[in-house]
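Here the structure is laid out as structure tokens; the discussion comes afterwards.
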Amino acid sequence: QVRLVQSGGGSVQPGGSLRLSCAASGSGFNFGDYAIAWFRQAPGKDREEVSCLSPFDRNTRVAHFAAGRFTISRGDAENTVVLEMNSLKPEDTAVYYCAADNGPVCVDGPWYYYDYWGQGIQVTVSS
């Protein structure tokens with residue numbers, strides 16, 4: 001069983017920055033065996049992938065709407081993944097989730113392909 005605990009998020013004005021962190025743990029958990037992704041879901045919309053990191057092959061990807069603004073990376077703390085979000089826009093407002101898949105590479109598929117989920121955290125971009 002894998003446990004994902006999220007931190008960060010909050011409210012910011014347009015153009016501002018936020019940092020989300022996802023800490024993974026579990027019995028026998030090996031960070032290199034899991035792809036870690038960030039998803040978001042706005043009210044009335046489908047859950048969509050924002051970014052993904054694959055420790056196995058050190059590959060990352062970012063959705064087109066986040067390119068040039070969001071960066072995914074391994075955190076300084078053990079077994080953490082960080083999503084740095086810059087130049088935030090009101091349309092980035094959503095609940096953000098981290099997810100893990102025993103892949104170990106990033107999943108080419110929708111959100112329900114992922115096995116484990118964080119608790120979700122609100123990001124609000126508003127003036």
Side-chain angles (χ1 to χ4, degrees):
Q1 189 74 10
V2 176
R3 183 174 183 234
L4 303 176
V5 178
Q6 298 175 222
S7 60
S11 296
V12 67
Q13 293 185 341
S17 299
L18 285 173
R19 184 175 188 265
L20 305 182
S21 182
C22 178
S25 63
S27 177
F29 176 79
N30 181 359
F31 190 74
D33 293 338
Y34 289 81
I36 307 293
W38 286 96
F39 286 79
R40 71 183 187 184
Q41 188 166 19
K45 294 188 176 181
D46 290 336
R47 191 170 297 190
E48 59 183 352
E49 181 181 311
V50 177
S51 189
C52 184
L53 181 149
S54 168
F56 176 76
D57 57 6
R58 302 193 179 192
N59 187 39
T60 63
R61 70 184 183 207
V62 179
H64 63 91
F65 57 78
R69 301 189 299 128
F70 294 6
T71 303
I72 191 170
S73 63
R74 293 186 68 161
D76 293 333
E78 187 177 9
N79 295 343
T80 62
V81 174
V82 171
L83 184 68
E84 298 277 1
M85 303 185 295
N86 299 309
S87 302
L88 283 161
K89 305 174 182 179
E91 51 264 42
D92 294 319
T93 295
V95 177
Y96 284 69
Y97 300 89
C98 66
D101 177 73
N102 187 4
V105 297
C106 291
V107 174
D108 285 327
W111 61 268
Y112 47 81
Y113 281 28
Y114 283 80
D115 303 310
Y116 305 99
W117 290 86
Q119 78 275 22
I121 200 161
Q122 179 70 43
V123 170
T124 302
V125 184
S126 174
S127 56

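Because the structure is a prediction, the values reported are computed rather than measured.
Of all non-hydrogen atoms in A42 and A94, the two that sit nearest each other are N-CB, 3.8 Å. Minimum interatomic distance between E49 and V107 (heavy atoms only, all atoms of both residues): OE1-O, 4.2 Å. Summarising the geometry of L18 relative to G9, their closest heavy-atom pair is CD2-O, 3.8 Å, with the distance given to 0.1 Å. When all heavy atoms of N86 and S17 are compared, the closest pair comes out as OD1-OG, 2.8 Å. Across every non-hydrogen atom of V95 and Q122, the tightest pair is CG2-OE1, 3.3 Å. Closest approach of A66 and V62 over heavy atoms only: CB-CG1, 3.4 Å.
The CD atom of Q41 sits 7.0 Å away from the CG atom of D46 when rounded to the nearest 0.5 Å. Expressed to the nearest 0.5 Å, how far OG of S25 lies from CG of N79 amounts to 8.0 Å.
Annotation: side chain of F31 is in contact with side chain of I36 (closest heavy-atom distance under 4.5 Å). Contact of the D57 side chain with the V105 side chain is registered, since non-hydrogen atoms from C-beta on lie closer than 4.5 Å. At a threshold of 4.5 Å between non-hydrogen side-chain atoms, the residues D92 and M85 do not count as touching. With contacts defined as side-chain heavy-atom distances shorter than 4.5 Å, the pair P55/P104 does not qualify. Taking 4.5 Å as the limit, some side-chain heavy atom of L88 sits within range of a side-chain heavy atom of F70. A heavy-atom distance below 4.5 Å is not found between the side chains of Y112 and R47.
Screening L20, I72, L4 for a side chain to side chain contact (heavy atoms under 4.5 Å, CB included) involving V81 leaves a single residue, I72. When S51, S54, C52 are each tested for a side chain to side chain contact (heavy atoms under 4.5 Å, CB included) with R61, only one passes: C52.
In this structure, R40 satisfies the cation-pi test against F65, with its NZ or CZ atom closer than 6.0 Å to the six-membered ring centre and inside 45 degrees of the ring normal.
At most 12 heavy atoms of other shown residues, nucleotides or ligands fall within 6.0 angstrom of atom CZ in F56. More than 12 heavy atoms of other shown residues, nucleotides or ligands fall within 6.0 angstrom of atom CD in E91.
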CA sep, side-chain torsions, deciding dist, call: V2, D115, side chain to side chain contact (heavy atoms under 4.5 Å, CB included) = CA-CA 9 Å; V2 176; D115 303 310; over 6 Å; no

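Note: W117 and Y97 have perpendicular aromatic rings, judged against thresholds of 30 and 60 degrees for the angle between ring planes.
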